[in-house]
Trainee: 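Quick one: the structure is below, and I'll ask about it shortly.
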Number of protein chains: 2
Amino acid sequence: MLTQSVEYALRAVVFLAKEGEPRTTAQVAEATQVPSAYLSKILQGLARAGVVRSQRGIGGGMTLVCGPNELTILDVVNAVEPLQRIETCPLGLLEHGVKLCSLHRRLDNAMKSVEDAFRNSTLADVLADPNPSVPLCGTADSAEG
Amino acid sequence: MLTQSVEYALRAVVFLAKEGEPRTTAQVAEATQVPSAYLSKILQGLARAGVVRSQRGIGGGMTLVCGPNELTILDVVNAVEPLQRIETCPLGLLEHGVKLCSLHRRLDNAMKSVEDAFRNSTLADVLADPNPSVPLCGTADSAEG
DNA sequence: CCGAAACTGGATGACTGTGTCCAGTTTCGG
DNA sequence: CCGAAACTGGACACAGTCATCCAGTTTCGG
């Protein structure tokens with residue numbers, strides 16, 4: 001339902017939030033197991049959206065612009081592929097423009113529940129979650145096959 | 001977030017539910033404002049999935065297999081493009097397989113909320129909704145532009 | 001049987017998402 | 001200044017989605 005690019009972007013920012021210091025595209029790619037050439041495009045997008053800052057040259061890399069508690073999953077999703085709500089009738093029916101019909105209202109409510117869930121999760125929340133599985137972290141041999 | 005094909009399929013089944021009798025692809029296409037050549041492919045898929053029954057020849061057309069109160073939005077969505085939950089860790093980390101990490105658990109919870117919302121809406125619900133905008137219905141000149 | 005109505009299936013094309021590659025540019029350290 | 005490190009941008013390839021068109025098949029009515 002969400003695109004591959006969104007998944008990759010989320011992994012990348014979670015990693016950057018966990019590290020807290022500049023990391024190169026190659027480092028992020030290895031840690032998140034995302035193809036590095038493609039990840040660089042995604043990070044470029046996040047940089048243009050103001051989520052991440054890039055620094056060229058030796059010692060450079062990518063850093064989060066905000067702290068983990070000021071950046072939500074929704075921010076990242078919207079930076080990569082804006083989560084679009086149904087604002088007006090997809091059929092272009094004028095009467096449905098202001099108040100969606102029952103079908104589209106139901107679809108939009110589902111969108112809204114996703115949006116709300118994403119808005120209520122900051123990266124700090126994700127990292128602080130009392131969960132046995134730490135995001136992106138596996139033992140050396142756990143990613144085989 | 002949902003594909004165009006899902007939107008088209010939902011419009012089509014809502015229309016068929018409202019009519020209750022066989023309707024040709026052309027009739028459905030006009031009522032739902034979906035390109036008819038493409039709609040025929042979508043209806044073929046719905047027929048293969050057992051949501052709709054097709055009848056060739058004069059007097060034929062498409063009919064719902066079940067009654068509107070036995071068919072949910074989720075059924076239609078899954079027939080066209082299965083709504084996929086996150087079952088195992090997308091990174092392939094073995095430790096995360098059974099219990100998702102906090103990032104993927106949050107993403108999957110969002111998927112689940114969509115799935116639940118769709119499962120709880122039958123076509124009968126959609127049609128019976130006390131809403132001033134009746135699904136797919138506009139006055140003759142409301143779909144201009 | 002004949003023909004019109006209606007669905008079926010394959011070929012085709014544009015566009016987007018995913019992914020790779022490489023040449024170019026910036027920056028830092030010496 | 002020089003070179004290595006690192007990001008940037010463009011070109012390309014491939015698959016899937018969206019969409020169209022047409023020839024073929026089934027079915028009904030007369």
Side-chain angles (χ1 to χ4, degrees), chain A residues 1-13 15-16 19 21-65 77 79-84 90-91, chain B residues 1-13 15-16 19 21-65 77 79-84 90-91:
Chain A
M1 193 151 174
L2 294 174
T3 67
Q4 198 65 21
S5 295
V6 167
E7 162 75 22
Y8 290 167
L10 286 170
R11 284 193 219 168
V13 295
F15 175 70
L16 290 175
E19 301 293 295
E21 291 178 359
R23 287 291 177 266
T24 69
T25 298
Q27 287 172 328
V28 178
E30 188 186 11
T32 59
Q33 297 187 46
V34 174
S36 66
Y38 190 53
L39 180 62
S40 81
K41 301 296 183 191
I42 292 173
L43 288 173
Q44 275 175 43
L46 290 177
R48 274 192 292 270
V51 170
V52 134
R53 183 182 303 114
S54 67
Q55 177 63 38
R56 296 210 255 201
I58 290 180
M62 298 290 184
T63 335
L64 287 190
V65 168
V77 170
V80 175
E81 173 205 60
L83 193 49
Q84 53 192 39
L91 283 94
Chain B
M1 195 151 172
L2 295 173
T3 68
Q4 198 65 20
S5 296
V6 168
E7 162 74 22
Y8 291 166
L10 286 170
R11 285 192 219 168
V13 294
F15 176 71
L16 290 175
E19 301 294 296
E21 291 178 1
R23 287 291 176 264
T24 69
T25 300
Q27 287 172 328
V28 178
E30 189 187 11
T32 58
Q33 297 188 46
V34 174
S36 67
Y38 190 54
L39 180 63
S40 80
K41 299 299 182 189
I42 292 174
L43 288 174
Q44 275 176 44
L46 290 177
R48 272 191 293 271
V51 170
V52 135
R53 182 181 305 114
S54 67
Q55 177 64 38
R56 298 209 253 200
I58 290 181
M62 298 288 183
T63 334
L64 288 189
V65 168
V77 170
V80 176
E81 173 205 63
L83 193 51
Q84 54 191 39
L91 284 92

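Since the structure is predicted, the reported quantities are computational estimates derived from the model, not experimental observations. Here is how names work: the chains are called A, B, and so on, in the same order as the sequence lines, proteins then strands, and each is numbered from 1.
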Trainee: Compare side-chain N and O positions of B:R56 against OP1 and OP2 of C:dA4 and report whether any pair is under 4.0 Å apart.
Mentor: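 So the side-chain polar atoms of B:R56 never come under 4.0 Å of the phosphate oxygens OP1 or OP2 of C:dA4.
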Trainee: Closer to the 5' end of DNA chain D via nearest nucleotide, is it B:L39 or A:Q55?
Mentor: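 Of the two residues, A:Q55 wins.
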Trainee: Specify the closest pair of heavy atoms between B:T25 and B:S36, including all atoms of both residues, with the distance to one decimal.
Mentor: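 Looks like CG2-O, 3.8 Å.
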Trainee: Bend across the helix from C:dC1-D:dG30 to C:dG30-D:dC1, to 10°, with axes taken over 5 pairs at each end?
Mentor: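 It comes to 10° between the two terminal axes.
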Trainee: In whole Å, I'd like the distance from the CD atom of A:E7 to the C1' atom of C:dG19.
Mentor: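 So the two atoms are 16 Å apart, to the nearest Å.
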Trainee: Kindly give the heavy-atom pair with the smallest separation between B:M62 and B:S54, and that separation in Å.
Mentor: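 For B:M62 versus B:S54, the nearest heavy atoms are SD-CB, 3.5 Å.
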Trainee: Using a cut-off of less than 4.0 Å, is there contact between a side-chain N or O of A:Q44 and OP1 or OP2 of D:dG9?
Mentor: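 Yes, A:Q44 has a side-chain N/O under 4.0 Å of OP1/OP2 on D:dG9.
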Trainee: Relative to the 5' end of DNA chain C, which residue comes earlier, B:K41 or A:K41, by the nucleotide with the nearest heavy atom?
Mentor: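 Of the two residues, B:K41 wins.
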Trainee: Quick check on C:dG9: is either OP1 or OP2 less than 4.0 Å from any side-chain nitrogen or oxygen of B:R48?
Mentor: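 Answer is yes, contact under 4.0 Å.
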Trainee: Please report, rounded to the nearest Å, how far the P atom of C:dG17 is from the OH atom of A:Y8.
Mentor: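 Taking OH of A:Y8 and P of C:dG17, I get 15 Å after rounding.
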Trainee: Whole-Å distance between C:dT16 P and A:E81 CD?
Mentor: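 These atoms are roughly 14 Å apart.
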Trainee: Let me spell it out: for each of A:T3 and A:S40, pick the nucleotide of DNA chain C with the closest heavy atom. Which residue's pick is nearer the 5' end?
Mentor: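 First, find each residue's nearest nucleotide; the 5'-ward one identifies A:T3.
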Trainee: Looking at every heavy atom in both A:G60 and A:T24, which two are closest together, and how far apart are they?
Mentor: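 For A:G60 versus A:T24, the nearest heavy atoms are O-CG2, 4.0 Å.
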Trainee: Kindly say if A:Y38 contacts the phosphate of C:dT18, meaning a side-chain N or O under 4.0 Å from OP1 or OP2.
Mentor: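 The answer is yes; a side-chain N or O of A:Y38 sits under 4.0 Å from OP1 or OP2.
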Trainee: Between A:T63 and A:L16, does a side chain to side chain contact (heavy atoms under 4.5 Å, CB included) hold up when you go through it step by step?
Mentor: CA-CA 6 Å; A:T63 335; A:L16 290 175; over 6 Å; no
Trainee: Give me the atom names and distance for the closest heavy-atom approach of A:L46 to A:A79.
Mentor: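 Scanning both residues, the minimum pair turns out to be CD2-CB, 3.9 Å.
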Trainee: Can a side chain N or O of B:S5 be found less than 4.0 Å away from OP1 or OP2 on D:dC18?
Mentor: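 Looking at the OP1 and OP2 atoms of D:dC18, one of them is under 4.0 Å from a side-chain N or O of B:S5.
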Trainee: Are a donor atom and an acceptor atom from the side chains of B:Y38 and B:S5 found within less than 3.5 Å of each other?
Mentor: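 Distance-only check passes for B:Y38 and B:S5.
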Trainee: To the nearest angstrom, how far is B:I42 atom CD1 from C:dC7 atom C1'?
Mentor: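 Rounding to the nearest Å, CD1 of B:I42 and C1' of C:dC7 are 15 Å apart.
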Trainee: Whole angstroms only, please: what is the CZ-C1' distance between A:R53 and C:dT27?
Mentor: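 In whole Å, C:dT27 C1' lies 16 Å from A:R53 CZ.
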Trainee: Search all heavy atoms of B:Q33 against all heavy atoms of B:R11 and return the closest pair with its distance.
Mentor: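 Closest pair (atom of B:Q33, atom of B:R11, distance): O-NH1, 3.6 Å.
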Trainee: Quickly work out the A:M62 CE to C:dT26 P distance and round it to whole Å.
Mentor: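 In whole Å, C:dT26 P and A:M62 CE are 16 Å from each other.
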Trainee: Counting just side-chain N and O atoms, does A:T25 come under 4.0 Å of either OP1 or OP2 of D:dC7?
Mentor: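 Yes.
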Trainee: Ignoring backbone atoms, establish whether B:T24 has a side-chain N or O less than 4.0 Å from OP1 or OP2 of C:dC7.
Mentor: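 For C:dC7, OP1/OP2 do not have a side-chain N/O of B:T24 under 4.0 Å.
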Trainee: If you check the A:I58 side chain, which of D:dC28, C:dC28, D:dC7 turns out closest?
Mentor: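 The closest nucleotide is C:dC28.
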Trainee: Looking at A:T32 and B:L91, what are the two nearest heavy atoms and their distance?
Mentor: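 Here A:T32 and B:L91 meet closest at O-CD2, 3.5 Å.
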Trainee: Give the rounded distance in Å between these two atoms: CG of B:L43 and C1' of D:dT20.
Mentor: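 Distance check: B:L43 CG to D:dT20 C1' gives 16 Å.
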